[in-house]
Protein chains: 2
Amino acid sequence: MRISELSRRTGVPVPTVKFYLREGLLPAGRATAATQAQYDEGHEQRLRLVRALVEVAGLSLAAVRRVVAAVDDPPRTTHELLGAAHEALPPAVADDVDVTAATGVVAELGWRIDPRSAPLRQLAAAIAALEAVGMPAGVEVLARYGRALEPVATAEVAAVPTSSREDAVAFVVVGTALYEPVVLALRRLAQQDASARRFGVDCP
Amino acid sequence: MRISELSRRTGVPVPTVKFYLREGLLPAGRATAATQAQYDEGHEQRLRLVRALVEVAGLSLAAVRRVVAAVDDPPRTTHELLGAAHEALPPAVADDVDVTAATGVVAELGWRIDPRSAPLRQLAAAIAALEAVGMPAGVEVLARYGRALEPVATAEVAAVPTSSREDAVAFVVVGTALYEPVVLALRRLAQQDASARRFGVDCP
DNA sequence: AGCATTGGGTAGCGGTACTATCCATGTCAA
DNA sequence: TTGACATGGATAGTACCGCTACCCAATGCT
């Protein structure tokens with residue numbers, strides 16, 4: 001298909017598709033002439049992925065670029081792939097944060113975590129922020145959160161397909177980023193339900 | 001204290017503090033003269049909150065403004081306060097999304113949710129995005145996520161202090177926004193642990 | 001032949017979050 | 001008291017992001 005068809009199918013304006021091509025978020029089409037190129041379903045799929053990462057996962061184009069780079073050039077092992085996906089995703093946290101508290105939580109949970117892991121620094125930053133606003137979170141509270149999330153993560157990792165390399169890559173990268181809004185929305189909904197139960201409100 | 005002291009204590013540059021004052025994120029100080037004003041610990045606390053919401057929760061200044069507005073002018077009931085906090089937080093989703101799938105998940109979980117609830121639309125948008133990239137999420141999978149998050153949300157709502165109005169407001173608004181990075185970071189860490197267990201890696 | 005479409009490129013635009021500068025007023029140490 | 005410096009208040013400017021508009025020559029479609 002040509003660029004206008006790609007645009008029509010995905011609802012993304014042609015100038016924006018061109019912009020993504022320039023930015024390297026979308027691979028170039030197969031050139032058939034100086035002013036003609038062909039795009040296929042792979043391009044359409046990639047374009048949908050980029051839009052979903054931007055609109056739903058709220059990623060910046062820079063983060064999207066890192067994510068699709070991980071998709072295009074995946075590390076050798078699935079475990080490393082997960083690490084690459086986590087490195088690509090925001091929030092970026094400086095290397096020099098004090099991860100002591102976060103490491104304590106992880107230890108309490110008995111998890112095996114690389115001490116340079118990006119999520120570890122993100123957790124450390126979040127803990128520090130809670131302290132800064134005068135709402136410190138104790139290790140046992142954080143461990144309760146962690147234990148609640150354990151079965152979810154285990155199920156997710158168990159669902160990673162091992163049959164095909166590409167399937168695994170897509171699943172890990174997309175799943176990590178696109179399920180975050182799902183988790184956040186469900187947490188908020190669960191809060192509303194719990195709040196309705198506790199404070200007793202009539203819902204229309 | 002004066003503005004420079006406020007700046008020194010929080011690490012926020014003086015011009016930025018002035019900017020926040022202009023934007024209404026920070027209430028004006030008590031003016032003692034034409035070019036002199038006094039700030040107190042309340043200002044310092046608010047400034048820390050604004051910075052935490054921006055840097056850790058990743059909120060835009062517009063979202064921060066909505067959040068602090070909810071803090072300053074809280075609704076009557078705690079349940080409505082939670083709703084206000086959820087409305088103030090991103091992602092903003094159009095009113096006209098199809099919430100059928102999201103409502104189905106909520107029904108499966110047996111939750112009592114206002115059909116106009118913002119998180120319901122956010123869940124609907126996330127489900128639609130997963131479908132668009134070819135990774136549709138079934139009701140039973142989503143319900144498993146929901147059930148895992150239930151105890152967390154129940155514990156959070158149970159922890160809302162009822163003694164003081166201000167404490168409740170601060171807890172709900174700040175807790176909702178600032179615990180989201182905690183949840184996301186812990187989910188990623190749990191994934192890394194599960195991945196290490198499944199794919200067997202040596203961690204240094 | 002004629003005209004819209006395409007690819008390819010540059011330039012501009014609107015929004016966000018600051019940052020710099022200016023200035024009249026005020027503080028305070030010498 | 002005097003003079004250096006800080007402060008509040010305002011305006012203007014900056015840097016980045018994510019597009020969007022425009023232009024042009026080559027091409028395809030009729």
Side-chain angles (χ1 to χ4, degrees), chain A residues 1-40 43-44 46-68 88-92, chain B residues 1-40 43-44 46-68 88-92:
Chain A
M1 78 190 85
R2 288 178 299 186
I3 199 171
S4 56
E5 171 79 3
L6 189 60
S7 165
R8 199 188 52 72
R9 286 205 201 184
T10 57
V12 180
V14 171
T16 304
V17 176
K18 287 182 173 187
F19 171 69
Y20 287 168
L21 286 167
R22 282 200 300 281
E23 293 293 310
L25 301 176
L26 205 56
R30 187 172 50 81
T32 59
T35 68
Q36 220 66 32
Q38 282 291 315
Y39 302 91
D40 56 23
H43 290 93
E44 184 183 338
R46 167 62 56 93
L47 186 50
R48 286 190 201 283
L49 172 59
V50 169
R51 294 306 299 176
L53 290 173
V54 167
E55 289 179 357
V56 180
L59 299 197
S60 67
L61 294 195
V64 172
R65 197 174 293 114
R66 290 193 296 271
V67 169
V68 299
L89 294 173
Chain B
M1 79 189 82
R2 288 178 298 184
I3 199 169
S4 56
E5 171 79 4
L6 189 59
S7 166
R8 199 190 51 73
R9 285 206 201 184
T10 57
V12 180
V14 170
T16 303
V17 175
K18 288 183 173 185
F19 171 69
Y20 288 167
L21 287 166
R22 282 200 301 283
E23 292 293 309
L25 301 176
L26 205 58
R30 188 172 48 81
T32 58
T35 68
Q36 221 65 30
Q38 281 292 315
Y39 302 91
D40 56 23
H43 290 93
E44 184 183 340
R46 168 60 55 93
L47 186 50
R48 286 189 201 280
L49 172 60
V50 170
R51 292 308 298 175
L53 290 174
V54 167
E55 288 179 356
V56 181
L59 298 196
S60 66
L61 294 194
V64 172
R65 198 176 292 114
R66 290 194 296 271
V67 169
V68 299
L89 294 174

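Numbers restart at 1 for each chain; the letters A, B, ... are given by sequence-line order, proteins then strands.
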Can you check the B:Q38 CD to D:dT7 P distance for me, whole Å? 11 Å
Looking just at side-chain N and O atoms, do B:Y20 and B:R51 make a donor-acceptor pair shorter than 3.5 Å? yes
Under the 3.5 angstrom rule, does the side chain of A:R65 hit a backbone N or O of A:E23 as a donor-acceptor pair? yes
Among the candidates C:dT27, C:dG7, D:dG9, find the nucleotide nearest to the side-chain atoms of B:Q36. C:dT27
Using heavy-atom distances to pick each residue's nearest nucleotide on DNA chain C, tell me which of A:A37 and B:A33 is more 5'. A:A37
In whole angstroms, how far is the P atom of D:dA6 from the CE atom of B:M1? 19 Å
Pairwise 5' ranking along DNA chain D for B:V14 and B:R22, keeping only the more 5' one: B:V14
Does OP1 or OP2 of C:dT19 have a side-chain N or O of B:T16 closer than 4.0 Å? yes
Figure out the NE2/P separation between A:H43 and C:dG7, and round it to whole Å. 11 Å
Out of C:dC18, C:dT27, D:dA26, whichever nucleotide has its closest atom nearest the side chain of A:T35: D:dA26
B:M1 versus B:R8: any side-chain heavy-atom pair under 4.5 Å? no
Over how many whole Å does the gap from A:F19 atom CZ to C:dG12 atom P extend? 17 Å
Any side-chain N or O of A:Y20 under 4.0 Å from OP1/OP2 of D:dC19? yes
Rounded to whole angstroms, how far apart are CD1 on A:I3 and P on D:dT27? 17 Å
Minimum-distance pair of heavy atoms, taken over all atoms of A:A88 and A:A63: O-CB, 3.9 Å
What nucleotide, of C:dT6, D:dC19, C:dT10, holds the atom closest to the side chain of A:R51? D:dC19
Please report the distance, rounded to the nearest Å, between NZ in B:K18 and P in D:dA12. 16 Å
Passing option when A:V50 is tested against A:V64, A:V17, A:V67 for side-chain contact (heavy atoms from CB on, under 4.5 Å): A:V64
Atom CZ of B:R65 and atom C1' of C:dA17: how far apart are they, to the nearest Å? 11 Å
Among C:dC18, C:dG9, C:dT6, the one nearest any side-chain atom of B:L61 is C:dC18
In whole angstrom, what separates B:L21's CG from D:dT7's C1'? 12 Å
